[in-house]
Structures are given as structure tokens and as C-alpha cells.
Amino acid sequence: MVASFNLQDFILRARVLKLYRQALRSARRAPLHARGELRQTIRQEMENNRNCDDKQRIRFLISEGLERLKSLNEMLDMQGHF
């Protein structure tokens, strides 16, 4: 069965996938001992909200994810993990 998306759904899905890829790239910058757990946490957060259909909630989760990603990147920068 092929899922049909309208333009708004397509754009939201693209934003979610972009956030996921950015988070996984940031996880690569983490110290070796923390990478696996960080990747697992990122995946679990995505899986927990996989079936969310509420567009307002999805937008909220994206903005929350971007804030958390920004904090992670700032922390990694301060620790010298480039």
C-alpha cells in the first residue's frame, strides 16, 4: 500500500528526516564511549513519535528536537569535539 501525502505532509516528513540526519551527524562528534547510547536515544525518540498524526504536535516536536540538537552541538563544541 502506497501512502499518499499532500504537500504539507511531505514537507513535515522532510523536516523530520532532516532533523534525524542532523542528530545522527552530531552523535558522530560525541566521545566514543557515548556515541552508541546517544544514537540509541535519538532513534528511540523518533520511534516513540513515529505514529503521531497531529500536525501541530509534529511541529512542536520538530522545534523541541532542534533546540535539543542545538544544545548538544553547543556542549560538544565547548568540550572540543569538532
Side-chain angles (χ1 to χ4, degrees):
M1 181 174 170
V2 176
S4 68
F5 293 115
N6 62 29
L7 182 59
Q8 187 178 16
D9 292 340
F10 181 80
I11 291 170
L12 277 176
R13 184 175 188 274
R15 289 180 63 201
V16 169
L17 292 173
K18 180 180 178 181
L19 174 61
Y20 183 58
R21 286 190 304 268
Q22 288 174 328
L24 290 177
R25 284 187 195 112
S26 291
R28 281 191 252 153
R29 295 177 46 214
L32 277 175
H33 66 277
R35 282 183 196 166
E37 183 179 349
L38 187 53
R39 277 195 307 261
Q40 187 177 31
T41 301
I42 292 165
R43 181 172 177 109
Q44 189 61 47
E45 288 289 327
M46 290 292 184
E47 285 293 327
N48 289 345
N49 296 295
R50 180 181 206 145
N51 296 319
C52 181
D53 293 336
D54 182 3
K55 290 176 182 40
Q56 190 73 11
R57 174 111 175 108
I58 294 170
R59 285 188 201 95
F60 170 77
L61 290 167
I62 290 170
S63 66
E64 183 180 282
L66 288 170
E67 287 297 316
R68 291 172 70 181
L69 181 59
K70 181 180 173 186
S71 297
L72 174 63
N73 282 324
E74 288 172 355
M75 182 184 69
L76 291 171
D77 289 344
M78 284 191 289
Q79 293 178 351
H81 299 285
F82 302 102

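Quick note: residue numbers are just sequence positions, from 1.
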Checklist outcome for this item: NE2 of H33 to CG of L38, rounded to nearest 0.5 Å, is 10.5 Å
Checklist entry - To the nearest 0.5 Å, how far apart are CD in E74 and CG in L69? => result 10.0 Å
Next on the checklist: Does Q40 have more than 12 heavy atoms from other residues, nucleotides or ligands lying within 6.0 Å of its CD?
Outcome noted: no
Item to check | Inter- and intrachain pairs under side chain to side chain donor-acceptor pair (under 3.5 Å), touching residues 8-22, at least two apart | outcome: D9-K55
Taking every non-hydrogen atom, the tightest pair across [X] and [Y]:
X	Y	value
R68	E45	NH1-OE1, 3.7 Å
A23	I42	O-CD1, 3.4 Å
P31	L76	CD-CD2, 4.3 Å
R35	A27	CG-O, 3.3 Å
I58	D53	CD1-C, 4.4 Å

Next on the checklist: Suppose we screen for side chain to side chain donor-acceptor pair (under 3.5 Å). Which residues come up paired with N48, at least two apart in sequence or across chains?
Outcome noted: Q44
Item to check | Partners meeting side chain to side chain donor-acceptor pair (under 3.5 Å) with E47 (sequence neighbours left out) | outcome: R50
Checklist entry - Residues two or more places apart in sequence or in another chain: which of them pass salt bridge (Lys or Arg N to Asp or Glu O under 4.0 Å) with E37? => result none
May I ask you to list the residues sharing a hydrophobic cluster with [X], side-chain cutoff 4.5 Å, ordered by chain and number?
X	result
I11	L7
L61	F60
L32	none

Checklist entry - Excluding sequence neighbours, so at least two apart, what forms side chain to side chain contact (heavy atoms under 4.5 Å, CB included) with Q56? => result D54, R59
Checklist entry - Does one hydrophobic cluster hold both L72 and L24, with members joined at side-chain heavy-atom distances below 4.5 Å? => result yes
Checklist entry - Hey, does V16 have a side-chain heavy atom less than 4.5 Å from the side chain of N49? => result no
